[in-house]
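First the structure, in the form of structure tokens, and then the observations on it.
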Amino acid sequence: GCPPCQGYSTVRTLNRGRSVDDQRNDLLFELLRFARVLRPRAVMLENVPGLAGDGRFKRFVTGLRSLGYGVEYRVANAANFGVPQRRRRLILIAHENATRVEFPKASTSAITVRQAIERLPIAGQSGDKLHDMKQKRSQKVKEIIALVPRNGGSRSSLPKRLRLKCHQKLEGFSDIYGRMAWDDVAPTITSGCHNPSKGRFIHPSHNRAITLREAAILQGFPPSYRFPVKAGKERLSRMIGNALPPPLVAAHAGFAALRLRARRAAQ
């Protein structure tokens with residue numbers, strides 16, 4: 001289960017500087033209700049790290065244990081599990097009647113932005129509708145993008161005449177109008193991944209934001225994965241940015257399934 005994370009997100013809480021009273025926070029207990037009724041052999045939860053410090057999460061864990069589940073949780077970085085992206089997520093795994101719950105080992109090597117997207121066809125000419133969606137920018141924004149240094153540059157290098165007043169007052173969120181670096185993993189892909197004003201979402205070399213196909217690949221989707229392009233750019237970016245990276249969930253869910261099979265065989 002992936003309960004809505006908005007109320008626990010560091011972006012929404014201004015890096016935990018305030019609490020957010022979001023009625024969706026209580027949907028966490030719907031997963032507990034499903035576990036109580038369906039009694040699955042295993043339960044897996046994914047969310048932002050901030051959930052671990054919330055009292056509701058502690059009640060959720062207590063509830064699972066009262067049902068007879070062994071429960072463990074940790075914060076994992078998707079970059080350590082085959083995702084070309086720096087994305088920290090809380091992962092909880094619960095096994096029925098278990099005294100010990102294990103997690104898969106992290107990979108020793110990361111996939112870089114270069115390895116993930118450098119060989120894609122030219123955006124706008126690829127024949128892939130997700131990769132070819134047009135990007136509309138004002139002339140000033142185009143100028144800002146062009147002046148951000150290639151391969152990892154940030155807005156701090158812009159001339160003063162192009163530094164927005166709101167950015168000069170903003171503490172934190174330093175990735176806004178930043179470029180990705182070829183030989184590093186991507187920053188966290190969010191629902192604003194098509195907009196350079198929402199994060200470090202400018203292409204390492206080209207003077208544009210990353211395309212939605214590039215964002216999807218950096219999120220761990222296969223290059224051939226089909227999205228409903230008629231949904232429009234905003235809805236598609238939310239689908240991609242809010243997704244749980246497939247390699248991350250595959251590593252944890254697959255390992256959990258192996259451990260469950262091993263336990264049943266031993267019994």
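Here the structure is a predicted model, which means the values were calculated and not measured. Computed over heavy atoms, backbone and side chain alike; hydrogens, waters and symmetry mates excluded.
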For this session: Decide yes or no for Phe60 and Leu45: does some side-chain heavy atom of the first lie under 4.5 Å from some side-chain heavy atom of the second?
Result: yes
For this session: Check for a donor-acceptor pair, side chain of Asn47 on one end and backbone N or O of Pro3 on the other, with a separation under 3.5 Å.
Result: yes
Problem set entry | Exceeds 12 heavy-atom contacts within 6.0 angstrom, atom CZ of Arg263 | yes
For this session: Spell out, yes or no, whether Val61 and Phe103 are grouped together once hydrophobic residues are joined by side-chain heavy atoms under 4.5 Å, including indirect joins.
Result: no
Exercise. Would a distance-only check, ignoring hydrogens and angles, find a side-chain to backbone donor-acceptor pair under 3.5 Å from Arg65 to Val71?
Worked result: yes
For this session: Please report the closest heavy-atom contact between Leu244 and Cys2, naming both atoms and the distance.
Result: CD2-SG, 4.2 Å
Exercise. Do the side chain of Arg86 and the main chain of Ala79 share a donor and acceptor less than 3.5 angstrom apart?
Worked result: no
Seminar exercise, completed: Which of Asp128, Leu212, Leu130 passes side chain to side chain contact (heavy atoms under 4.5 Å, CB included) with Val229? It is Leu130
Exercise. Which heavy-atom pair separates Gly82 from Pro84 by the least distance, and what is that distance?
Worked result: O-CD, 3.8 Å
Exercise. How long is the span from the CG atom in Asp26 to the CZ atom in Arg56, to the nearest 0.5 Å?
Worked result: 5.5 Å
Exercise. Does Lys198 reach the main-chain N or O of Thr190 with its side chain, forming a donor-acceptor pair under 3.5 Å?
Worked result: no
Exercise. What is the distance from atom CD1 of Ile93 to atom OH of Tyr69, rounded to the nearest 0.5 Å?
Worked result: 14.0 Å
Exercise. Is there a donor-acceptor pair under 3.5 Å between the side chain of Glu46 and the backbone N or O of Ile91?
Worked result: no
For this session: Enter the distance from Leu248:CG to Gln219:CD here, rounded to the nearest 0.5 Å.
Result: 9.5 Å
Seminar exercise, completed: Shortest non-hydrogen pair, Pro247 vs Phe81, comes out as CB-O, 3.3 Å
For this session: Kindly indicate, with the supporting measurements, whether the criterion side-chain contact (heavy atoms from CB on, under 4.5 Å) is fulfilled by Gln115 and Asp183.
Result: CA-CA 8 Å; Gln115 292 170 316; Asp183 298 314; over 6 Å; no
Exercise. Is a salt bridge present between Asp184 and Arg114, judged by a nitrogen-to-oxygen distance below 4.0 Å?
Worked result: no
For this session: For residues Leu260 and Ala42, report the shortest heavy-atom separation together with the two atoms involved.
Result: CD1-CB, 3.5 Å
Exercise. Looking only at side chains, do Asp132 and Ser126 share a donor and an acceptor under 3.5 Å apart?
Worked result: yes
Exercise. Ion pair present between Arg208 and Glu214, side-chain N to carboxylate O less than 4.0 angstrom?
Worked result: yes
Problem set entry | Verdict with supporting geometry, Met44 and Leu92, side-chain contact (heavy atoms from CB on, under 4.5 Å) | CA-CA 6 Å; Met44 179 176 169; Leu92 175 146; over 6 Å; no
Under 3.5 Å, which donor-acceptor pairs do the side chains of residues 27-38 form with other protein atoms, sequence neighbours left out?
from	atom 1	to	atom 2	distance (Å)
Glu30	OE1	Arg33	NE	3.1
Glu30	OE1	Arg33	NH2	2.8

Exercise. His131 side chain to Pro121 main-chain N or O, any donor-acceptor pair under 3.5 Å?
Worked result: yes
Exercise. Given side chains that start at C-beta, do those of Met180 and Leu218 come closer than 4.5 Å, heavy atoms only?
Worked result: yes
Exercise. Do Phe201 and Asn195 have side-chain heavy atoms sitting under 4.5 Å apart?
Worked result: no
Exercise. Side chain of Arg39, backbone of Leu67: donor and acceptor closer than 3.5 Å?
Worked result: yes
Problem set entry | Pair Tyr177-Ser197, side-chain contact (heavy atoms from CB on, under 4.5 Å): steps then yes or no | CA-CA 5 Å; Tyr177 281 103; Ser197 71; 3.8 Å; yes
Exercise. Is Leu90 linked to Val101 within one hydrophobic cluster, defined over Ile, Leu, Val, Met, Phe, Trp and Tyr using a side-chain heavy-atom separation of less than 4.5 Å?
Worked result: no
Exercise. What's the shortest heavy-atom distance between Ala123 and Thr211, and which atoms?
Worked result: CB-CG2, 3.7 Å
Exercise. Considering only heavy atoms from C-beta outward, does the side chain of Glu234 approach that of His194 to under 4.5 Å?
Worked result: yes
For this session: Please examine the side chains of Arg137 and Pro196, heavy atoms only from C-beta on, and report whether any two atoms are closer than 4.5 Å.
Result: yes
Exercise. Can any side-chain N or O of Ser237 pair as donor or acceptor with the backbone N or O of Ser191 at less than 3.5 Å?
Worked result: yes
Exercise. Can His252 and Arg89 be counted as having a side-chain donor-acceptor contact under 3.5 angstrom?
Worked result: no
Exercise. Taking atom CD of Glu102 and atom NE2 of His95, what is their separation to the nearest 0.5 Å?
Worked result: 9.0 Å
Exercise. Which distance, rounded to the nearest 0.5 Å, do you find between the OG1 of Thr112 and the CD1 of Ile117?
Worked result: 9.5 Å
Problem set entry | Arg235 CZ: over 12 foreign heavy atoms closer than 6.0 Å | no
Problem set entry | Asn80 (side chain) donor-acceptor with Ser107 (main chain) under 3.5 angstrom | no
Exercise. Do Pro187 and Gln85 touch side chain to side chain, with heavy atoms closer than 4.5 Å?
Worked result: no
Exercise. Is the distance between the ring centroids of Phe57 and Tyr73 under 6.0 Å?
Worked result: yes
Exercise. Can you tell if the side chain of Trp182 reaches within under 4.5 Å of the side chain of Ser205, non-hydrogen atoms only?
Worked result: yes
Exercise. Quick one: does Leu120's side chain get under 4.5 Å of Ile217's, heavy atoms only?
Worked result: yes
Seminar exercise, completed: Arg200 and Gly152 have their tightest heavy-atom pair at NH1-O, 3.2 Å
For this session: Before giving the answer on side-chain contact (heavy atoms from CB on, under 4.5 Å), spell out for Arg179 and Asn207 the whole-Å C-alpha distance, their side-chain angles and the decisive distance to 0.1 Å.
Result: CA-CA 9 Å; Arg179 284 188 188 269; Asn207 291 331; 2.6 Å; yes
Exercise. Can any side-chain N or O of Gln135 pair as donor or acceptor with the backbone N or O of Ala209 at less than 3.5 Å?
Worked result: yes
For this session: Find the distance between NZ (Lys105) and CZ (Phe255) and round it off to the nearest 0.5 Å.
Result: 8.5 Å
